[in-house]
Novice: 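Have a look at the structure that comes next, please.
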There are 2 protein chains.
Amino acid sequence: MDVRTICLGLLTYGEATGYEIKKRLEEGAIGQVTGVSFGAIYPALTRLAEDGLLSARDEPQDKRPDKKVYALTEKGRAALIEALLEPVGEDRFRSPFIFVMSLADLLPPERVQRLIDQRIAWVEEKRRDLEIMFEESTSEAQRFTCGYGLAVHGAELAYLRTHRRRLEECLAGERAGTRTGFVSAVEGGLSS
Amino acid sequence: MDVRTICLGLLTYGEATGYEIKKRLEEGAIGQVTGVSFGAIYPALTRLAEDGLLSARDEPQDKRPDKKVYALTEKGRAALIEALLEPVGEDRFRSPFIFVMSLADLLPPERVQRLIDQRIAWVEEKRRDLEIMFEESTSEAQRFTCGYGLAVHGAELAYLRTHRRRLEECLAGERAGTRTGFVSAVEGGLSS
DNA sequence: CCCAACATGTAAACGGTTACATGATTAC
DNA sequence: GTAATCATGTAACCGTTTACATGTTGGG
């Protein structure tokens with residue numbers, strides 16, 4: 001999803017400035033699966049307005065710099081829907097954590113343990129955020145999105161907790177002289 | 001994770017050519033969370049060899065172009081471990097599908113239904129791939145990685161199936177005149 | 001007193017992908 | 001015959017991030 005479509009999408013929730021669009025992104029569930037910085041947003045908004053997909057209004061503020069408030073035009077709404085009807089691209093998931101874990105044999109067990117602990121804390125936080133977002137959602141579609149994240153991160157958490165425990169047992173086993181691999185098969189088998 | 005670290009990581013499974021590194025990436029579980037193209041791999045390998053992190057050997061082949069087989073040096077292995085001990089970066093997840101779903105209100109229900117169906121098919125395929133990768137894994141760390149994907153995608157699948165059904169009911173309800181939101185709350189509550 | 005939030009914008013740098021160039025072999 | 005696999009490499013291009021430039025207000 002390119003910056004343009006993201007901006008159009010965020011503006012369906014009402015008119016906003018570039019700054020506010022960034023905030024909606026960061027504070028909403030959509031920000032979990034998309035991300036753009038000011039350096040990309042501002043030029044995109046300018047072009048979108050030039051193309052007639054957005055209306056721009058200058059709002060002078062005293063004691064603060066002027067605001068440029070953008071709103072979807074009919075043409076913009078049509079362009080957004082058109083974009084949403086196009087075939088969706090593939091997910092793009094980059095996880096340094098999982099990459100490092102895939103090479104865990106090379107690392108001291110304490111490092112792996114810490115990595116998992118940090119990850120658990122991070123996922124827990126993410127889930128807390130998502131719960132708040134879920135409550136604050138104003139549309140079914142937004143609730144669907146938050147629910148998605150909650151479901152996925154819930155499973156992640158369960159997996160991590162199980163394997164953290166397994167790692168602990170292994171370390172204990174090593175001290176006791178019982179050598180076992182520190183990570184073992186997925187519980188419940190492979191099929192679901 | 002930059003190309004260099006990825007190449008070093010892939011070479012811990014044994015010496016390989018640039019072409020083979022790409023294959024390991026695509027066919028292994030690590031490819032699910034990292035991705036690089038030839039255009040990035042080849043220059044990276046050249047530089048890595050220049051820096052003494054890899055040894056390069058030219059293997060002439062008859063009936064085929066020459067191979068450049070790279071292998072980790074001691075220095076390279078040390079550099080990799082050093083990189084793995086550094087603080088891991090954040091996940092970066094981009095999902096056009098979830099973005100579109102977050103704006104599902106704007107779309108015809110049939111479109112949403114199809115999107116979910118396609119997604120289910122895609123996740124099912126991904127899971128089949130991961131099951132094979134799990135079976136073929138040679139280390140506990142690799143099994144951990146595959147198991148991770150299986151757990152997460154399993155939850156995703158369950159969520160999608162539930163919500164697909166709900167959407168169906170909603171459509172049926174609409175035909176019968178009973179108006180309900182097409183997506184509803186996450187079953188089992190929000191906490192876990 | 002300094003930092004965070006508010007507010008917009010530009011330019012350089014970066015990391016990467018895509019396309020191109022080349023060419024033989026094998027399997028359908 | 002034609003597509004896929006094997007095999008390496010370069011250059012142009014692309015979207016984004018980072019840093020910079022500028023300035024006010026309010027809270028700790």
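Because the structure is predicted, anything quoted here is derived from the model rather than measured. Within every chain, numbering begins at 1; the chains are lettered A, B, ... in the order of the sequence lines, protein sequences first and strands thereafter.
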Novice: If you take all heavy atoms of B:Val3 and B:Ala44, which pair is closest and at what distance?
Specialist: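 Minimum heavy-atom contact is CG1-CB, 4.0 Å.
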
Novice: May I have the distance from B:Glu26 (atom CD) to D:dA7 (atom C1'), rounded to whole angstrom?
Specialist: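 That distance rounds to 14 Å.
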
Novice: Consider salt bridge (Lys or Arg N to Asp or Glu O under 4.0 Å). Of B:Arg119, B:Arg94, B:Lys126, which one does A:Asp91 pass it with?
Specialist: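 Exactly one option meets the salt bridge (Lys or Arg N to Asp or Glu O under 4.0 Å) with A:Asp91, and it is B:Arg119.
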
Novice: Got a sec, which residues hit side chain to side chain donor-acceptor pair (under 3.5 Å) with B:Glu136, two or more places apart in sequence or on another chain?
Specialist: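 Here no residue qualifies.
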
Novice: Let me know the distance between CD1 of B:Ile21 and P of D:dC6, rounded to the nearest Å.
Specialist: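 That distance rounds to 15 Å.
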
Novice: Can you give me the closest heavy-atom contact between A:Leu48 and A:Cys7, atom names plus distance?
Specialist: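 Heavy-atom minimum between the residues: CD2-CB, 4.0 Å.
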
Novice: Provide, to the nearest angstrom, the distance between the OH atom belonging to B:Tyr19 and the P atom belonging to C:dT25.
Specialist: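 After rounding, the reported distance stands at 16 Å.
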
Novice: How close or far is atom P of C:dT8 from atom CD of A:Glu59, stated in whole angstroms?
Specialist: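 Atom-to-atom, A:Glu59 to C:dT8, this comes out as 10 Å.
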
Novice: Which letters describe nucleotides 9-16 of chain C, given B = protein heavy atom under 4.0 Å from base, S = only from sugar-phosphate, - = neither?
Specialist: BB-----S

Novice: NZ of A:Lys67 versus C1' of D:dT24: gap in Å, rounded?
Specialist: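 So the NZ-C1' distance, A:Lys67 to D:dT24, works out to 14 Å.
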
Novice: Just how far, in rounded Å, is P of D:dT8 from CG of B:Leu45?
Specialist: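 Value for this atom pair: 9 Å.
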
Novice: Are A:Phe144 and B:Tyr159, when compared by the centres of their aromatic rings, separated by less than 6.0 Å?
Specialist: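 Judged by ring-centre distance (under 6.0 Å), A:Phe144 and B:Tyr159 do meet the cut-off.
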
Novice: Just how far, in rounded Å, is P of C:dC6 from CZ of A:Arg24?
Specialist: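 After rounding, the gap between these two atoms is 14 Å.
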
Novice: Determine the minimum heavy-atom distance between B:Phe134 and B:Arg143, stating which atoms define it.
Specialist: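 Reported closest heavy-atom pair: CE1-O, 3.6 Å.
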
Novice: Is the shortest side-chain N/O distance from B:Thr17 to OP1 or OP2 of D:dT8 below 4.0 Å?
Specialist: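 Answer yes for this pair, as a side-chain N or O of B:Thr17 is under 4.0 Å from OP1 or OP2.
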
Novice: To the nearest Å, give me how far apart CZ (A:Arg47) and C1' (C:dT8) are.
Specialist: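 The answer, rounded to whole Å, is 19 Å.
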
Novice: Base, sugar-phosphate, or nothing for B:Lys23, non-hydrogen atoms under 4.0 angstrom?
Specialist: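 The residue B:Lys23 makes sugar-phosphate contact but no base contact.
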
